[in-house]
Amino acid sequence: MVSRVIPVDQFDLVIFGATGDLANRKILPGLYRRYCAGQIPEGSKIIGAARTEMSADEFRDQTRAAIAEHAGPMADDKKAVTAFLEILEYVAIDAKGDGGWDTLKSLVRTEAVNAFYFSVAPALFGDLAERLHTRGIAGPDARIVVEKPFGRDLASARALNATLAEYFDETQIYRIDHYLGKETVQNLMAVRFANILFEPLWNSQFIDHVQITVAETVGVGGRGSYYDKSGAMRDMVQNHMMQLLCLIAMEPPYHFDPDAVRDEKLKVIRALQPVAPADIVRGQYLASKDAPGYLEDSEDPESTTESYIALKCHVANWRWTDTPFYLRTGKRLRARTSEIAITFKAPPHSIFDEAEGEWRENVLVIRLQPNEGMNLKVMIKEPGPGGMRLVQVPLDMSFAEALGPEGADITDAYERLIMDVIRGNQTLFMRGDEVEAAWAWTDPVIEGWEKRGDRPQPYDSGSSGPDDALMLMHRDGRRWRDIRE
Ligand code: NAP
């Protein structure tokens with residue numbers, strides 16, 4: 001199966017923060033891959049901007065190295081790399097300064113789609129927005145892309161929204177959450193809303209519970225003092241995991257249209273109940289033989305920031321009233337894996353005797369990484385003679401296997417999302433009210449443990465997290481799925 005390349009209009013994309021980690025690891029290599037796929041129309045330009053003084057040629061050299069390191073096998077096509085580098089320009093600009101803006105204005109054409117990617121610290125978003133607007137660089141149809149973190153609580157998110165709204169309309173603001181650009185995450189919507197199969201069962205009458213796991217093997221070393229101001233709740237739950245929860249729990253939108261989808265997600269966030277203290281477990285990883293523990297990585301021996309969190313939450317509406325959602329995410333865990341597991345209830349009556357095999361629940365597993373795909377566990381008869389014996393087997397749909405080599409080459413989330421910005425499609429971007437609603441739910445949870453003075457529990461590096469997280473499910477008669485690749 002050959003993936004289709006949907007053309008976009010000619011564009012000028014300015015990347016603020018073009019010398020930074022995100023630009024070099026994701027944005028520029030991603031754009032190169034789109035170039036190779038034939039999706040960047042002739043005449044389009046990519047303009048790097050940051051404070052560092054360098055020529056366009058030096059920026060091209062930097063990008064060549066970034067492509068070699070991060071663009072995968074496509075980086076071997078030297079001719080394509082050279083042609084791609086020709087569409088790059090560079091301007092030295094300080095977001096807070098006056099220099100460079102006239103040069104930038106002369107490079108950005110009004111007749112092309114204009115997009116401005118703010119791959120810089122959020123403290124600079126306001127300065128960039130203000131200068132792009134007041135200097136007449138961004139027209140009424142220009143788009144700005146802003147990175148996470150979008151605020152650290154409701155008050156700061158509101159302030160940021162208000163600042164951006166001074167210069168840009170909501171339809172011009174693309175708040176990126178790269179989880180929404182993942183193939184499987186979008187497939188979740190396709191599976192739910194393009195098939196009749198699941199939707200009749202998609203409620204608390206038939207679904208026992210939902211588990212969402214985002215496990216990492218790395219610690220926070222290198223960016224410990226930055227992470228320590230955030231923690232797993234702010235860094236992962238408020239944004240990425242909340243988005244996944246929304247896509248599972250939302251009602252069918254009337255159309256696959258940006259506001260229709262985001263309206264439904266917003267309703268889910270608003271229906272989230274406050275989380276009881278007993279339903280939250282926070283942890284900090286301990287040192288291993290060859291790596292320091294969280295307290296050393298964070299450079300604060302007294303830190304109470306969590307590198308792990310598990311919690312149980314409820315969506316209070318007709319569809320989900322009795323179905324708990326269990327969320328967990330952490331660093332230095334046993335394996336790097338992200339998945340959503342939807343566990344169905346038992347059939348109302350079993351016609352089989354116990355001797356015919358142990359009944360196991362149906363589970364739909366949506367894997368985000370590694371090996372994106374879906375897997376439905378069903379009970380069947382064990383093949384062969386010897387009478388009726390039940391056994392659970394997975395109906396496995398790995399995209400790599402189901403769709404052939406093209407399916408295996410899953411477009412990176414950033415590539416897809418940047419092209420959506422050029423297309424002017426906001427479906428996979430968070431709306432301002434959505435972000436604020438997510439913080440409105442998150443803030444009291446954080447304030448609760450801060451007021452109580454709770455300390456995170458230590459857990460072994462390479463484990464599944466703190467023991468109490470196991471208890472969170474055990475006491476409900478359920479268990480977490482194993483964390484494994
Ligand atoms: P980074 O490596 O620290 O890069 C920051 C960039 O901002 C550099 O290019 C820097 O270049 C530029 N910059 C700093 N001050 C500036 C100023 N006053 N005017 C203009 N440019 C300025 O950070 P990053 O990791 O790329 O992250 C960028 C943004 O993306 C942050 O908001 C981060 O939270 C978010 N994010 C990053 C990742 C990731 O994987 N890295 C993932 C999700 C979100 P000069 O020093 O040359 O000015």
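Atoms within each ligand, like the ligands themselves, are counted from 1 in listed order.
Ring-plane geometry between Tyr459 and Tyr285 is classed as perpendicular, the angle between the planes exceeding 60 degrees on a 0 to 90 degree scale with a lower cut at 30. Aromatic ring pairs are classed by plane angle as parallel below 30°, tilted from 30° to 60° and perpendicular above 60°; the pair Phe125 and Phe118 is tilted. Ring pair His240/Tyr179 is parallel by interplanar angle, where below 30° counts as parallel and above 60° as perpendicular.
Contact annotation for atom 18 (N) of ligand 1: protein present (non-hydrogen atoms, distance under 4.0 Å).
Not less than 6.0 angstrom separates the ring centroid of Tyr117 from the ring centroid of Phe16.
The N/O atoms of Gly20, backbone and side chain alike, include one that comes under 3.5 Å of an N/O atom in ligand 1. The shortest N/O to N/O separation between Leu124 and ligand 1 does not fall below 3.5 Å. Between Phe125 and ligand 1, a contact under 3.5 Å exists for no N or O pair. At least one N or O atom of Ala95, backbone or side chain, sits closer than 3.5 Å to an N or O atom of ligand 1.
Taking atom 27 (O) of ligand 1 as the reference point, the nearest protein heavy-atom neighbour is Leu22 CB, 4.2 Å. Regarding atom 25 (O) of ligand 1, its nearest protein heavy-atom neighbour is Asp21 CB, 3.5 Å. In this structure, the protein non-hydrogen atom closest to atom 35 (C) of ligand 1 is Lys148 O, 3.3 Å. When hydrogens are left out, the protein atom nearest atom 20 (C) of ligand 1 is Ile93 O, 3.3 Å; that is the closest non-hydrogen contact. Nearest non-hydrogen protein atom to atom 14 (C) of ligand 1 is Arg51 NH2, 3.5 Å. Nearest protein neighbour of atom 12 (C) of ligand 1, counting heavy atoms only, is Gly17 CA, 3.9 Å. Protein heavy atom at the shortest distance from atom 31 (C) of ligand 1 is Val120 O, 3.5 Å. Atom 28 (C) of ligand 1 has as its closest protein heavy atom Ser119 O, 3.3 Å.
Under a 4.0 Å criterion applied to the non-hydrogen atoms of Thr19, ligand 1 contributes the atoms 8 (C), 9 (O), 10 (C), 11 (O), 45 (P), 47 (O). Listed by number with element, the atoms of ligand 1 under 4.0 angstrom from any heavy atom of Pro149 are 34 (O).
Side-chain contact, Asp300 with Ser298: no donor N or O sits under 3.5 Å from an acceptor N or O. Checking Gln10 against Arg109 by side-chain atom types alone, a donor-acceptor pair falls below 3.5 Å. Counted by atom type alone, Arg334 and Ser464 present one or more donor-acceptor pairs between their side chains at under 3.5 Å. A side-chain N or O of Glu434 and one of Gln243 form a donor-acceptor pair less than 3.5 Å apart. No side-chain donor-acceptor contact under 3.5 Å links Ser225 and Asp228.
Contact between Arg25 and ligand 1 is present, with at least one heavy atom of the residue lying under 4.0 Å from the ligand.
Partner Glu436 forms a side-chain contact (heavy atoms from CB on, under 4.5 Å) with one of Leu266, Asn161, Ile269 and no other, that one being Asn161.
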